[in-house]
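Along the sequence shown, residues carry numbers from 1.
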Amino acid sequence: MALLAYVADFLKGFAAFWALVTFAVAASFLSQMDDDFGAGAVDNSNFAATGAIIAFGVLAFLWFLTYLAVLLFVSSANILLALLVEIPVLAFLFILGLGSVAALSTETHWFNRFSQYTAAQLGNATLGVGWILVFLILGIIILQLVVIFRHPRTHATWRASFHDLASGTVPAAVPGATTDAEKGQAAPAVPNAQEPFAATASPVTTGLATVPSVADTPHTTA
């Protein structure tokens with residue numbers, strides 16, 4: 001299991017590098033298209049999806065670079081690396097990349113038809129590096145989910161980073177977290193405070209006669 005932590009870290013480092021390559025190739029393709037056909041024509045066609053691929057590459061590069069920097073220079077227990085943060089971010093990047101690269105893939109016939117031109121060659125290269133990055137992120141997600149589902153789905157699991165989870169260094173409990181056993185325990189009974197006795201004025205009965213109470217005795221004045 002510890003080996004998976006380093007495999008995942010290596011994949012994320014490679015993903016950061018590949019995201020930078022994707023950004024550079026897509027930016028070159030978009031620039032070439034603007035030079036050949038004009039920015040207006042490109043923006044009104046499916047080639048405009050290249051802008052989304054550029055954003056995909058930039059965001060993926062920034063995320064993986066930040067992840068590795070925090071892991072190496074801050075702490076693997078930092079909240080930024082927690083699975084409850086990382087998995088949604090990776091899912092967002094995957095959806096963004098899948099949609100943008102798939103949109104540009106509708107122009108594959110144009111790239112193949114005019115493959116002798118630089119723009120078409122850069123278009124095919126953009127699709128190639130883009131799809132590799134999309135499936136690389138998908139592979140990272142699947143790898144992490146497989147490891148997560150082999151652990152109890154508790155707050156401690158989702159709060160840990162994948163590096164700690166795969167290395168087996170996840171704490172048994174997170175301070176302040178309530179376990180299921182604690183939730184099931186009944187609160188101790190609190191004894192009711194003794195109610196005060198109500199003082200009432202009533203006649204006192206003896207075996208011979210009823211003695212009137214002080215309240216019933218008439219007051220006489222001299």
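A donor-acceptor pair under 3.5 Å links the side-chain atoms of T22 to the main chain of W18, judged by distance alone. Looking at S31, its side chain never comes within 3.5 Å of a backbone N or O of S28 through a donor-acceptor pair.
When all heavy atoms of A26 and I53 are compared, the closest pair comes out as CB-CG2, 3.9 Å. Annotation for G57 and A19: closest pair O-CB, 3.4 Å, computed over non-hydrogen atoms. Here the closest non-hydrogen pair linking T66 and L62 is OG1-O, 2.7 Å. Taking both residues in full, the closest heavy atoms of I141 and A91 are given as CD1-N, 3.9 Å, listed atom of the first, atom of the second, then distance. Contact between F64 and A15 at its shortest, heavy atoms only, is CE1-CB, 3.6 Å. Here the shortest heavy-atom pairing between T157 and L83 reads O-CD1, 3.6 Å.
Under the 4.5 Å side-chain heavy-atom criterion for grouping Ile, Leu, Val, Met, Phe, Trp and Tyr, Y67 is connected to I142 within one hydrophobic cluster. If you chain together hydrophobic residues whose side chains sit under 4.5 Å apart, I87 and F149 fall into the same group. With hydrophobic clusters built from ILVMFWY side chains whose heavy atoms lie under 4.5 angstrom apart, F73 does not share a cluster with F61. Each of L72 and L80 belongs to its own hydrophobic cluster when Ile, Leu, Val, Met, Phe, Trp and Tyr are linked at side-chain heavy-atom distances under 4.5 angstrom.
A heavy-atom distance below 4.5 Å is not found between the side chains of L127 and F29. The side-chain heavy atoms of H163 and L81, taken from C-beta on, include no pair separated by under 4.5 Å. Counting heavy atoms from C-beta on, the side chains of L138 and V134 never come closer than 4.5 Å. By the 4.5 Å heavy-atom criterion applied to side chains, I137 and W63 are not counted as neighbours. Counting only heavy atoms from C-beta outward, the side chains of I79 and R159 approach each other to under 4.5 Å. Side-chain atoms of L98 and F56, non-hydrogen and from C-beta on, never get closer than 4.5 Å to each other. The shortest distance between side-chain heavy atoms of F37 and S45 does not fall below 4.5 Å.
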task: Would you please test F23 and L133 for side-chain contact (heavy atoms from CB on, under 4.5 Å) and show each step?
output: CA-CA 11 Å; F23 158 71; L133 183 58; over 6 Å; no
- request: Walk me through it: do L165 and H151 pass the test side-chain contact (heavy atoms from CB on, under 4.5 Å)?
  value: CA-CA 9 Å; L165 188 68; H151 291 77; 3.7 Å; yes
- request: Decide side-chain contact (heavy atoms from CB on, under 4.5 Å) for N124 and N112; before the verdict, give the C-alpha distance in whole Å, the side-chain angles of both, and the deciding distance to 0.1 Å.
  value: CA-CA 8 Å; N124 276 325; N112 294 331; 3.8 Å; yes
query: Between K12 and L71, does a side-chain contact (heavy atoms from CB on, under 4.5 Å) hold up when you go through it step by step?
result: CA-CA 11 Å; K12 292 169 187 177; L71 179 64; over 6 Å; no
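The aromatic rings of F47 and F111 are tilted relative to each other, their planes meeting at an angle between 30° and 60°. Using the six-membered ring where Trp is involved, F14 and F10 have ring planes that are parallel, under 30° apart on the 30 and 60° scheme.
Atom OG1 of T126 and atom CE of M33 lie 10.5 Å apart (nearest 0.5 Å). Here D9 contributes atom CG and F162 contributes atom CZ; the two are 8.5 Å apart, rounded to the nearest 0.5 Å. In this structure, CG on D34 lies 9.0 Å from OG1 on T50, to the nearest 0.5 angstrom.
When the shell of 6.0 Å around OH of Y117 is examined, it contains 12 or fewer heavy atoms from other residues, nucleotides or ligands.
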